[in-house]
Protein chains: 2
Amino acid sequence: MRKKITLKQIARELDVSISTVSKALKNSKEISADTIQKVQAFAKLYNYRPNNIALSLKNRKTNTIGIIIPEIVHHFFSKVIRGVELVANKRGYNVIIGLSNESFSKEVINMEMLANGSIDGFILSMSKETLLQQDYHHYNETMNQGMPIVMFDRVVSEIKCDKVIVDDFNGAKNAVQKLISNNCEHIALITTKDYVSVGRLRTQGYLEALEENKITPQAELILKMDDTLDYEVHLEKLEDEIEQLFNAHKEIDGVFAVNELYALSAMKVARRMGLNVPNDIQVIGFTDGVLSKHSTPSLTTVSQHAQLMGERAADLLIDKIEKEFEAEEEQFQTIVINTELVERESTK
Amino acid sequence: MRKKITLKQIARELDVSISTVSKALKNSKEISADTIQKVQAFAKLYNYRPNNIALSLKNRKTNTIGIIIPEIVHHFFSKVIRGVELVANKRGYNVIIGLSNESFSKEVINMEMLANGSIDGFILSMSKETLLQQDYHHYNETMNQGMPIVMFDRVVSEIKCDKVIVDDFNGAKNAVQKLISNNCEHIALITTKDYVSVGRLRTQGYLEALEENKITPQAELILKMDDTLDYEVHLEKLEDEIEQLFNAHKEIDGVFAVNELYALSAMKVARRMGLNVPNDIQVIGFTDGVLSKHSTPSLTTVSQHAQLMGERAADLLIDKIEKEFEAEEEQFQTIVINTELVERESTK
DNA sequence: AGAAGTCACGAAAACGTTTGCGTGTTAAAA
DNA sequence: TTTTAACACGCAAACGTTTTCGTGACTTCT
């Protein structure tokens, strides 16, 4: 087992200086053809590779981007990561991940770990806890130190940085419009509490679609779940509440849910109550998940193009990193990713 | 926007030497209380943090581990990552990811990118293409340079390194035994081609269970899918073949599938043919996915404890990294993770 | 043959740390 | 008062690169 070889070792073996070796490997014309040949042969033999860390230190650039997400076991986020990784690799960058686990403190810790020189910039989506506490100092501190940040999906207007978001409002609106066009007259909304911006926007889209069609929104048809609960408990409670809703409002013939699981639960409850999807009740979910495609009936959803979001975020970030030197006045942009209604069997 | 501050800058401002600053920050007793106080106050004011890259270079240690997986948009792998991240963070390490996308060359490229000093060790699962080509030189080269590797799930005996694997054989055997105990007499197997070791082992488990129960395995009940196909095409073909199988063998009353999707497809086809799950036909899948839990009927599966695998792999790797100095003769271990049969609605 | 230019290479600084050791100043011991 | 010891700090090397600049040995003009 021979360890990695360095310039210094090559230099010693070949009895030349370190600089000569370095230049020879780069085919510098300062070096004679003889020496170049000799050095390169030796380097190849010993499989020399420049040490990345040394390069990073010298160049004050790591060619690595950090991505911090609340959770990785989640289709949306893993698709985003894939997108990020895709363009990052293409552009010569590595990706280092940090999971906040929806916790504020873990988010802060993780960012601090990476911000100390390990990476050139951040791509991140805020944890729910951060969203709740509305404490954004760590983002601003990081940016103040000259580290660019691109936020995606869960953003907040108070933070000035580049952003990539989904057009939640129109996505929801179009989905509900679809239900209306399919002759639904009593459309329920299953959503989360409002502190997450995306939930709020989707609710607004729902309301807007109703109003445009002269349908008076009914508060009783809106179910707001508390999604900070433990997963298992949550699911049971969710089904219970949906069942109550359906029982109290037999007239419901359409459901728009802000995520896949809510939509699936609605279908499950409906079936349990003897209702047929999509004949008695139509359902649309919001997400990019895998459940929708494989459920029975398969679920019509609003696709978020998660991978595309990752790609755009990465491009945005790398662009900013690489033209850092032009210290023109900061110019932030927000990219809005359009949603797409993927029609499957849960709607007519 | 003030950039990150360094020891040198603090030293200059306070008119002391760099070493004094460094020592003061570490509360060295070489330094007077006065100076310590002064330096620390200044450092706190400017939010000084040691530069990680410089530390990595100096210590010849990055405190980062690289993980290379074939695909991230996949519950099994993202759960593994979560496990790795969990213990890595707890033990003071970062995680950097590389996706091979099931491609040999991408795997090699990615490993080379990371092996040049960016990380202290690898955790990886082989790509299908690598498995097919049986070209393992990059693993051996990496290990020869003193970089420890821990492989998980998809492993191969030719490579000498630490491994974390699932007990595929017994997992499969127990699942099939369960079907048999539930009075299934004609059990079909839906699997992949044999080049992936895990597929082969699961098949063996299936056969073993049959034999132990004096049931003669029938080749016609075994469906081997070619999973190198494009996903969509694959799915259609899969359903077709399952349907043919079911039609040709109406006596089938149990199905064991080597992954979630195959199991789900089997249920789908069965339902389409008017069969009731689990009354007419019982189904068990192999996986840790999210589909099983939320399908209707929900699917009985062999859980792989993916997160646990990640945790064990990370511990194994970090242990090796940290006792690297004891250059005793290499000792590799293989950790076998037991599976667990999670009973749901697709079995009686 | 002396001046000028080319060639091929080495020295050294820089990136930001840590740390062993040397040193000047002061205080305590002889 | 001289020797010794403690104290508080600075120097310099090291990690592995890249790159600017300097320099000795030839070659080539005039």
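Predicted model only: the values in this text are computed from it and were never measured. Below, chain A is the first sequence line, B the second, and so on; all start at residue 1.
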Between the protein and nucleotides 23-27 of chain C, list the N/O to N/O atom pairs that are separated by less than 3.5 angstrom.
none

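Residues in residues 106-128 of chain A take part in no ring-ring contact (aromatic ring centres under 6.0 Å, His included) pair, two or more places apart or across chains. Legend: ring-ring contact (aromatic ring centres under 6.0 Å, His included) pairs involving residues 78-113 of chain A, not counting sequence neighbours, sorted by first then second residue: A/Phe104-A/His138.
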Assign a letter to each nucleotide of nucleotides 7-19 of chain C from its 5' end: B, base within under 4.0 Å of a protein heavy atom; S, sugar-phosphate only; -, no contact. -BBBBB-BBBBBB
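Not a single salt bridge (Lys or Arg N to Asp or Glu O under 4.0 Å) links A/Arg312 to another residue, sequence neighbours left out. For B/Ser105, the side-chain hydrogen bond (donor to acceptor under 3.5 Å, both in side chains) partners are B/Ser103, not counting sequence neighbours. Under the rule for a salt bridge (Lys or Arg N to Asp or Glu O under 4.0 Å), A/Glu311 has no partner lying at least two apart in sequence or in another chain. Annotation: side-chain hydrogen bond (donor to acceptor under 3.5 Å, both in side chains) contacts of A/Asp135 (sequence neighbours excluded): A/His137. In this structure B/Asp153 satisfies the side-chain hydrogen bond (donor to acceptor under 3.5 Å, both in side chains) test with no other residue, sequence neighbours excluded. Applying the salt bridge (Lys or Arg N to Asp or Glu O under 4.0 Å) test to A/Lys38 and every residue at least two apart in sequence or in another chain returns nothing. The side-chain hydrogen bond (donor to acceptor under 3.5 Å, both in side chains) test applied to A/His74 returns no partner, not counting sequence neighbours.
Taking the screw axis at each terminus of the helix from C/dA1-D/dT30 to C/dA30-D/dT1 from five consecutive base pairs, the angle between the two is 70° to within rounding of 10 degrees.
A side-chain donor from one of A/Glu107 and A/Tyr139 sits under 3.5 Å from a side-chain acceptor of the other.
Rounded to an integer number of Å, the gap from NZ of A/Lys61 to P of D/dT17 is 19 Å.
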